[in-house]
Amino acid sequence: MTFNDFCIVMFDLLEREQVEVSEVTNLKNELDVDSLQMVNLTTALADHFQVPFSLFIENADKTGTVGGLFNIVKGGNSE
Amino acid sequence: MNFYNRVLANLEKDVLSLVSPDGYFSAGDLRDSVSRYESMLTPLNIEGKRVALLIPSLKEFLPLFLAANKLKGTVSPLSWQFRQDDLLNVLDFLDPHIVLTVDEHNGFAFSETVTNWAKSKDSETTVVTSKNGVDWELNTFKGSSKKLQSDLGGFITFTSGSTGTPKGIVFKDSVFDYGSKKVLEAMNIKPADNVFVYASPSTLYGVVAMNSMLKFGATLVVSNDFDLVKIIDTMEKSNCNKFTTTPSIFKALYNFASRLKPEVLKKLELVCVIGEKIPANFKSNFPLMKKCTFISHYGSSESGSLANVCLNENSEELEFTIANEIEYKTVDNELLVKTRGLFTEYYNNPNITSEAFKDGWFKMGDLVEFTGYKTFKLVGRKKDVIKKGGQQVVSSEVEQILSSIKGIMSVAVVGLPHDIYGEQVVAFVIADGLNSKDIRSYCSGRVASFKIPDQIVFVEEFPLTQGKVDKIKLKSLLERGNN
């Protein structure tokens, strides 16, 4: 899975039109994803990519950026 | 009788009244906090003054609310979801004599914004700030005296604010008795209950539900933030057995807790969801909670709770039962009510107050169909309000915000059904040289995040009907596209 593939799924789960992002794009400040959307995004990512949800909790400090989420999902997939 | 005497005065000193992520607090602890705040506020002679509160820590907010009310100030709990434009517009409109605010919350500098606002005014305002919500620093910005309004009494909540005239809803203290009775009856509250209330204290429901639990001697369980890990931990440590919040928040909580600590969900005996359109089969989303009773209230920010419904897994339609003591009728299918729980007026706006009533009846703005004596179904809405995630978003307010962006020629905002949030905010935009990120960036920091459109659809022209944008056609275009 490439970063681009991940972004397509992420915007789809957010029900947002896709915009250009990088790994350091901040979900809250730059994409205006609010706390409730963030919660629903992480649970939806866990279900979609079939990675343990606990990874998002253990790596809560990394969930602020698109790249952080991508790395959590990638890490979960490689386990 | 003031809130303090209604809520805290008669509780046993050692009864456990409040559990928050900060700890456990008895009724005696809360009374001590009220006394401390009374001592702080007494020199400010707050009788007849408007006192705005921006205090996210509920263990401080609740005693402050009670102390300011006891000293006969009119308390206005402001939403800490407000950002620059919402906050300034509401402050300009309310023009409080006193603002108590934390320095910062969720990355927004509340005290700096409030202080700059107070400095820019010609009238006298006292700003009381705190870094931690416990120690306070007082600054009075000199100017002409503001008029006292002892006749207002009670408290004022705000439903919108970033553009035009904000809507301040004024309540007398006496609405608490009515609202409290309705909440306690609907949730079948007992003193042994540990009830999590996750509702904004800047709303009528938040004020009434939180204070009702304290008053009845049950344990009120709260969280200062939308931090689900902390909320789940607090549910566990408080042995929480009842929960009230919005449907979207509860769904998110369930998603988290079912993965982290499903046992906290299994302990819940009753869940009361409010503030959003609820699918009839809402309960079917929670397979771990088969034994739990799910209910919902019907009401509004002005009326409080009017009717209840029990949510069953296989319900196809929701049929609300209107509570006793409420007078009701319909005019052209719109529900009109008279109750002891109604607001008094919209603050400083006699025109919209008189528009809201017809011959003393409050117009709910919802179209209903009565199916029996006291039972009705909701069939539509007359007011242009989107109910998203428990928050009310006024379409025209979002339209005004977006219209001020350079490059946007025209905009129409509608609410569309959403599985999680009840409704979502969709902006149809005719624009030149802008993308959705530009639009969201403009809104960010200016208005509360729940007002920022969830979907932005660029169109070349709007369908019109009788010279106005045909919003029904716009909605159907997108609904068709989604199916």
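Note on naming: letters A, B, ... go to the chains in the order of the sequence lines (proteins, then strands), and numbering restarts at 1 for each one. Keep in mind that the numbers below use all heavy atoms, side chains included, and drop hydrogens, waters and symmetry copies.
Closest approach of A:V39 and B:A252 over heavy atoms only: CG1-CB, 3.7 Å. B:Q455 and A:E15 get closest at one heavy-atom pair: CG-O, 3.8 Å.
Residue contact with chain A, scored on non-hydrogen atoms closer than 4.5 Å, involves the backbone and the side chain of B:D454 alike. For chain B, no part of A:L14 is nearby; none of its heavy atoms comes within less than 4.5 Å. Proximity to chain B (any heavy atom under 4.5 Å) is shown, for A:S54, by neither the backbone nor the side chain. Heavy atoms closer than 4.5 Å to chain A are found in both the backbone and the side chain of B:I456.
Atoms CD1 and CG, from B:I249 and A:L36 in turn, are 5.0 Å apart once rounded to the nearest 0.5 Å. Going from atom CD of A:E30 over to atom OG of B:S444 covers 10.0 Å, rounded to the nearest 0.5 Å. In this structure, A:Q37 CD and B:Y421 OH are separated by 4.5 Å, a value rounded to the nearest 0.5 Å. Interatomic distance, CG of B:L228 versus OG of A:S35, reported as 9.0 Å (0.5 Å rounding). In this structure, CG on A:L31 lies 6.0 Å from NZ on B:K437, to the nearest 0.5 angstrom.
Counting heavy atoms from C-beta outward, B:R259 and A:D47 have side chains that approach closer than 4.5 Å. Side-chain contact check for A:D32 versus B:S449: every heavy-atom pair is 4.5 Å or farther apart. In this structure, the side chains of B:F256 and A:T42 come closer than 4.5 Å at one or more pairs of heavy atoms.
Heavy atoms of other residues, nucleotides or ligands lying less than 6.0 angstrom from NZ of B:K237 number more than 12.
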